[in-house]
Amino acid sequence: MRPKVIVTRSMPAPVEARMEALFDAELNRLGRAFTREELVDAVTRCDALACTVTDRIDAPLLALAVPRLKLIANFGVGTDNIDLAAARAAGIAVTNTPDVLTEDTADIAMALILMASRRLGEGERMLRRGAWAGWRPDDFLGSSLAGKTLGIVGMGRIGQALARRARASGLTVRYHNRNPLPDEPAFEPDLDRLVAEADILSINAPYGPATHHLIDARCLALMKPIAILINTARGALVDQEALIAALEARTIAAAGLDVYPNEPHVDSRLIALETAVLLPHMGSATLETRVAMGNRVADNILAFAEGRELPDRVA
Ligand code: DGY
């Protein structure tokens, strides 16, 4: 069977070439995400939808996808853009792209830790606007990593990869997770205690109804005034209003963010804050990883076409 596959976003050239070689593939040449109408049209005309984090695949859309659509192959490890329960009920399988983006995403979390603690964005902005007057003993004083404590909330693959990087920089790592990991002794079962003791707190948990605003105003109030919050997972894990209030009131020192609740909108109050380091959802953005993610999507669709078990099935 050569399934009809609609790919909702443009992808690196080798991925698109492979999709076209393997499947009856329809690629996105619009240079933007599909509108709702275009998504509705797509799910009624294909056997497999290769979609991503910017596509909202909700229950009303899935109802329209029956009976044609059989597989949603998500380009991304997070699947919070898809109503998994509704997909299950509609008999539509869902796959994701785990593993391949772990190291790159951990690199971005570590980069945000360095940027926020050493005020790198601030320094670069000052230099570019021609305001640098030369080296001074008391200029751009950040805070050292060595000897500090990094609290990791969510010790999955990315959390563990971040822990390896952090230890190499002299940070002591502690973590909160659903369950302790056998090879990671620094488990903290009490999230509040971890939040209160961390000098840097990194959010690496999956997003869903149970983790919505996991870091809320109450939690932020427990953080040290010198503490830095890092989020490379999903924007709505953190109550953004409360975070802005904490940064503005300087009850925490800084934040490093790669994700936002209503992407691509970024709140203008965050943009105005020198203490906020802001990246445009770049965690997995390397050529190697985006090609690997695309290949993983293609591998899942190929398994579906050949009637094999789906390697990365999540629903
Ligand atoms: C993911 O994989 O979930 C990322 O957020 C997109 O790369």
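Counting convention: from 1, in listed order, for ligands and their atoms alike.
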Would you mind listing which atoms of ligand 1 come within a distance below 4.0 Å of any non-hydrogen atom of His281? 4 (C), 5 (O), 6 (C)

Can a donor-acceptor pair be found, under 3.5 Å and without considering hydrogens, that links the side chain of Arg165 to the backbone of Ala161? yes

Can you list the atoms of ligand 1 that are under 4.0 Å from a heavy atom of Gly76? 1 (C), 2 (O)

Nearest-contact summary for atom 7 (O) of ligand 1 - protein heavy atom, Å: Ser284 OG, 2.7 Å

Name the closest protein heavy atom to atom 2 (O) of ligand 1, giving the residue it belongs to and the distance to 0.1 Å. Val77 N, 2.7 Å

Sub-4.5 Å side-chain heavy-atom contact between Leu150 and Ile113: yes

Working for side-chain contact (heavy atoms from CB on, under 4.5 Å), residues Ile215 and Ile203: CA-CA 9 Å; Ile215 305 300; Ile203 314 305; 3.6 Å; yes

Please test Asn300 against Asp312 for side-chain hydrogen bond (donor to acceptor under 3.5 Å, both in side chains), starting from the C-alpha separation and ending with a verdict. CA-CA 7 Å; Asn300 279 287; Asp312 302 310; 2.9 Å; yes

Looking at Leu101, which atoms of ligand 1 are within less than 4.0 Å of one of its heavy atoms? 2 (O)

Between Arg164 and Glu103 (salt bridge meaning N to carboxylate O under 4.0 Å), is one present in this structure? yes

Looking at side-chain heavy atoms only, is the closest gap between Asp58 and Arg36 below 4.5 Å? yes

Counting each atom of ligand 1 from 1 as listed, which ones have a heavy atom of Gly78 under 4.0 Å away? 1 (C), 2 (O), 3 (O)

Would you mind listing which atoms of ligand 1 come within a distance below 4.0 Å of any non-hydrogen atom of Met293? 7 (O)

